[in-house]
**Q** 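Please find one structure pasted underneath; my questions will follow.
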Amino acid sequence: MLVEQIRQRYLETLERMEKAAQRTGRDPRQVQLIVVTKAQPLEVVQAAIQAGAQALGENYPEEGVMKIQSLPEAKRVQWHMIGHLQRRKAELVIQHFDFFHALDSLRLAQRLSRLAQEAGRILPTLLEFNVSGEASKFGWPAWEEAAWPNLWPEIEAVLTLPGLAIQGVMAMPPLFENPEEVRPYFRRLRRLFETLSQRFPQAEWRHLSMGTSADYEIAIEEGATMVRVGQAILGPRPPKQESK
Ligand SMILES: *Cc1c(COP(=O)(O)O)cnc(C)c1O
């Protein structure tokens, strides 16, 4: 049965997370598992909730909202928006999601903050950085550490926005056949996180969102407090529908 299969992989993932934390002397309770349900059909998302998932990650706002509105169980879990967000879809995140991982511009931040204030809420948000220099990746450019200070003015402006609670950083590093090769990118994000915490003590820097099915154990060894795992728990994603 689908629920049992997912439960088994979910518990196995939690166990591997716990071991990875212990290997580096960390408290496993400091690491949250976000089950990435993007592109999965409703019955799989429902099964994930029934299997015990407590936080779900979606990449596309409309798809996430459809699932949130269709599932009676949706209120039992936290919904994390983990994908790139276009400004015109900001309202969907404010109305439906609990947490946003992928803030990547001041203009988007200004819009989200204004909409959040209008809705009477504060959106917990992470800053996304591109730590590899790959053109396909979103996020503020952060692959050259010597150029980090160029980012400070914009980040400082983001931190003044009243509708957002900036709580940390996120990145989507390259995929390697050998997951060990990703470690330097996780370390870079961790250094950036530490630099930001020192430089901008006005924010509460709590979260490092990094690591997917391919490399979450390494991410935890390098300090991740949130890992975003899809396929290792839910199986392969069905092929994307051609949009009309
Ligand atoms: C798809 C996705 C994930 C999860 O990837 P899996 O390979 O399914 O574990 C994590 N983070 C982001 C931003 C994603 O788009």
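Start at 1 and go down the list; that is how both ligands and their atoms are numbered.
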**Q** Of all the non-hydrogen atoms in the protein, which one sits nearest to atom 9 (O) of ligand 1, and at what distance?
**A** S213 OG, 2.5 Å

**Q** Would the number of heavy atoms belonging to other residues, nucleotides or ligands and lying under 6.0 Å from CD of Q8 be above 12?
**A** no

**Q** Atom CG of L85 and atom CZ of R111: how far apart are they, to the nearest 0.5 Å?
**A** 9.5 Å

**Q** Do K137 and E128 sit within salt-bridge range, that is, some charged N less than 4.0 Å from a carboxylate O?
**A** no

**Q** Does S105 use its side chain to pair, donor to acceptor, with the backbone of L108 at less than 3.5 Å?
**A** yes

**Q** Determine whether the side chain, the backbone, both or neither of I82 has a heavy atom under 4.0 Å from any heavy atom of ligand 1.
**A** both

**Q** Can you find an N/O atom of V229 closer than 3.5 Å to an N/O atom of ligand 1?
**A** no

**Q** Heavy-atom distances under 4.0 Å decide this one: backbone, side chain, both or neither, for R228 against ligand 1?
**A** both

**Q** Which ligand 1 atoms, with their elements, are less than 4.0 angstrom from a heavy-atom of T212?
**A** 5 (O), 9 (O), 10 (C)

**Q** How long is the gap from CG on L14 to CZ on R9, to the nearest 0.5 Å?
**A** 14.0 Å

**Q** Could you pull out all residues at least two apart from R121 that satisfy side-chain hydrogen bond (donor to acceptor under 3.5 Å, both in side chains)?
**A** none

**Q** Tell me which part of H101 gets within contact of ligand 1: side chain, backbone, both or neither, using heavy atoms under 4.0 Å.
**A** neither

**Q** Report the C-alpha separation of Q5 and M1 in whole Å, then their side-chain angles, then the decisive distance to 0.1 Å, and conclude whether the side chain to side chain contact (heavy atoms under 4.5 Å, CB included) test is met.
**A** CA-CA 6 Å; Q5 204 178 23; M1 198 189 136; over 6 Å; no

**Q** Any N or O on K38 sitting closer than 3.5 Å to an N or O of ligand 1?
**A** yes

**Q** Can you report which non-hydrogen protein atom sits closest to atom 7 (O) of ligand 1, along with the distance?
**A** Q231 NE2, 3.0 Å

**Q** Among protein heavy atoms, which lies nearest atom 8 (O) of ligand 1, and at what distance?
**A** R237 NH1, 2.7 Å

